Structures are given as structure tokens and as C-alpha cells.
Amino acid sequence: MQLYIDTASESDAREFARYGFIDGVTTNPSLVASTDSSYRTVVETLADAVDGPVFAQVLAEDADGMVEQARTYDAWADDVVVKLPATRAGYEALGRIRADGIEAGITVLFSVTQAILAAKNDATFVAPYVGRLDDAGEDGLEVVAGIQTAFDEYGFETEVLAASVRNRRQATALYRAGVDAVTLPPTVLEAHFDHHKTAEGVAGFLSDWGTRGNPIESDD
Ligand code: E4P
């Protein structure tokens, strides 16, 4: 299972990378635009901050432009995965980019049928948007689980990367469904740590230990 952080912030990437459980970083144009840095600087900085791939999304709307941007992004860092939108141009570019050996997949994806087209074009990943599906009155988890089942049944190697996850409840449901990969914004990752019984339990142990000092110090 892969766990990614969804951010363009170097400090957030570094903060979570130090715990060891992050497998890479996903970004999107909105996140990059919220920084003062160029796209290239953001990708290079994130690549340096986290041990794992950096997912970077193209902005061109035609296949030729997407392929050009994909090749350029790919040269910015050792482990770049190019994100292409689930448009006709995106699927065309995907086929061409994957033939070049560049890691790439389809994002802004909302259905099993869109996911199948991506897998047929040897996508590295598909990124269904759970939160936006739920916002639209659909069942995001059901769509993701359907994609995962179809890929497993057919033996596609394309990674199912659940995105647009808004809260811990959605994340928990994705884990229970055994989804290949999940990307989470820092706020949702932060919430993963919290349980009031943990804070209460740790405080209790410290209180019972009292003033006995550092446990690695011996009596003599
Ligand atoms: C995925 O890689 C996208 O960057 C992201 O998860 C979209 O999330 P949003 O719907 O909260 O913008």
C-alpha cells in the first residue's frame, strides 16, 4: 500500500517525510499556484524533501502540448510521475508518454469506465476523486472500490490512487477496502495521529512514573 501526501508545500512535505510512512508527494496545478514558486521549483523542492515520486500535472489541453510538458517535467527530478486529465487529449498523450517509458497516469477521474481506458493505455496510476464525487451526491468509495475490483479481476498493474480525500472517515473506508494507494492533504494526515485515549493513556503512564527519572539510567 502506498501513502502519499497531497501538497505543494515544502514544509508540509518535510514535516511528514520525517515520520517515515510517506511514499511520495502528489500535487496539482491549484496547489502549485498557491505557492510563490515556479512549477519546476516546486517539483524539484518536493523531490528533495520526500523519498519517493513527485506527481506533477500537465496544464496543456492538447495532446502535443501534454506530451511536451510531460517530457519536460520528467527531466526535473529522478522520480516524476506525470498526471494527465481524463480528457480525450489526456488519453492520447498517455499512450504516447507511456511508449516513451515515462511514468504517467490519469487524474480528475470519476468513473470505472474512465479508469478502464487508462489501464488499457498502461497508465501507471488512476486517481479517482473521492471527495468531489461525494460532494456531487455520488458514492466516492463505491467508485474507487469498483475500480480496484475491476483492476484486480483483469490483472491490470495500474495503481488505484484514491485522491480528493477530505477526512479521516473517508480515509478509513479506503483502507478497509484495500485500495492500492491513497493521497491525503496534510490536515487529514494530521488527524490520523489523534485519539483521545492515546493522549489519556500516555499521560497516565507518565503520571504513574512520577519523578523516577530517565529509564535508561541505572542505579549506580
Ligand atoms: C489529487 O492528486 C488531487 O491533487 C487532489 O487530491 C484533489 O483534491 P481536492 O478535490 O480536495 O482538490
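Everything numeric in this text was worked out from a predicted model, so none of it was measured. Below, all heavy atoms of this structure are taken into account, side chains as well, without hydrogens, waters or symmetry copies.
Heavy-atom minimum distance, Ala104 versus Leu94: O-CD1, 3.5 Å. For Val126 against Pro128, the heavy-atom pair with the smallest separation is O-CD, 3.3 Å. Scanning all heavy atoms of the two residues, the minimum distance from Ala162 to Val144 falls at CB-CG1, 4.3 Å. Closest heavy-atom contact between Ile106 and Ala118: CG1-CB, 3.6 Å. Residues Ala56 and Val43 share a closest heavy-atom pair of CB-CG2, 4.0 Å. Of all heavy-atom pairs spanning Gln114 and Tyr91, the tightest one is O-OH, 2.8 Å.
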Tyr175 vs His192, test: ring pair (Phe, Tyr, Trp, His ring centres under 6.0 Å). Steps then yes/no.
CA-CA 12 Å; Tyr175 303 146; His192 277 46; 5.7 Å; yes
Check the pair Val182, Gln2 against side chain to side chain contact (heavy atoms under 4.5 Å, CB included), reporting the backbone distance first and the verdict last.
CA-CA 7 Å; Val182 178; Gln2 304 295 301; over 6 Å; no
For side chain to side chain contact (heavy atoms under 4.5 Å, CB included), just list the numbers for Val42 and Leu46, CA-CA rounded to whole Å, side-chain angles, deciding distance to a tenth of an Å, and then say yes or no.
CA-CA 6 Å; Val42 169; Leu46 293 174; 3.7 Å; yes
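Residue pairs meeting the salt bridge (Lys or Arg N to Asp or Glu O under 4.0 Å) criterion with at least one member in residues 106-131, sequence neighbours excluded: Arg98-Asp122. For residues 132-155, the pairs satisfying side chain to side chain donor-acceptor pair (under 3.5 Å) are Asp134-Gln170, Asp135-Arg166, Gln148-Asp152, Gln148-Asp180, with sequence neighbours left out. For residues 6-31, every residue pair satisfying the salt bridge (Lys or Arg N to Asp or Glu O under 4.0 Å) rule, not counting sequence neighbours, is listed here: Glu10-Arg14, Arg14-Asp48, Glu15-Arg18. Residue pairs meeting the side chain to side chain donor-acceptor pair (under 3.5 Å) criterion with at least one partner in residues 202-215, sequence neighbours excluded, do not occur; the list is empty. Sorted by first and then second residue, the salt bridge (Lys or Arg N to Asp or Glu O under 4.0 Å) pairs with a member in residues 26-35 form an empty list; sequence neighbours excluded. Sorted by first and then second residue, the salt bridge (Lys or Arg N to Asp or Glu O under 4.0 Å) pairs with a member in residues 49-69 read Asp64-Arg96; sequence neighbours excluded.
Tested against Thr26, the residues Ile5, Thr183, Leu184 include a single side-chain contact (heavy atoms from CB on, under 4.5 Å) partner, Thr183.
Scored by the side chain to side chain contact (heavy atoms under 4.5 Å, CB included) test, Ile102 finds Arg71, Asp74, Val82, Ile97, Asp100 as partners (sequence neighbours excluded). Among residues two or more places apart in sequence or in another chain, the side chain to side chain contact (heavy atoms under 4.5 Å, CB included) test is passed with Asn28 by Ser30, Leu31, Gln57, Lys83. For Ser38, the side chain to side chain contact (heavy atoms under 4.5 Å, CB included) partners two or more places apart in sequence, or in a different chain, are Arg40, Thr41. For Thr113, the side chain to side chain donor-acceptor pair (under 3.5 Å) test picks out Ser111, with sequence neighbours left out. Listed by chain and number, the residues in a side chain to side chain contact (heavy atoms under 4.5 Å, CB included) with Asp79 are Pro53 (sequence neighbours excluded). In terms of the ring pair (Phe, Tyr, Trp, His ring centres under 6.0 Å) criterion, residue partners of Tyr4 (sequence neighbours excluded) are, by chain and number, Phe55.
Under the 4.5 Å side-chain heavy-atom criterion for ILVMFWY residues, no single connected hydrophobic cluster contains both Leu161 and Phe151. Transitive grouping of hydrophobic side chains (ILVMFWY, heavy atoms separated by less than 4.5 Å) keeps Met1 and Phe125 in distinct clusters. Both Val67 and Val80 belong to a single network of hydrophobic side chains, linked directly or stepwise wherever heavy atoms of I, L, V, M, F, W or Y lie under 4.5 Å apart. Linking ILVMFWY side-chain heavy atoms closer than 4.5 Å, directly or via other members, places Val81 and Trp76 in two distinct hydrophobic clusters.
A donor and an acceptor atom, one from each side chain of Thr107 and Tyr129, are located under 3.5 Å apart.
Residue Phe16 holds its CZ atom at 6.5 Å from CZ of Phe21, rounded to the nearest 0.5 Å. Going from atom CG of Leu59 over to atom CD of Gln69 covers 6.0 Å, rounded to the nearest 0.5 Å.
Using a 4.5 Å cut-off on side-chain heavy atoms (C-beta onward), Val108 and Leu84 make no contact. A heavy-atom distance below 4.5 Å is not found between the side chains of Thr198 and Phe193.
A 6.0 Å sphere centred on CG of Asp36 holds no more than 12 heavy atoms belonging to other residues, nucleotides or ligands.
Under the 3.5 Å distance criterion, the side-chain polar atoms of Thr158 are matched with a main-chain donor or acceptor of Ala123. A donor-acceptor pair under 3.5 Å is absent between the side-chain atoms of Arg168 and the main chain of Leu189, judged by distance alone.
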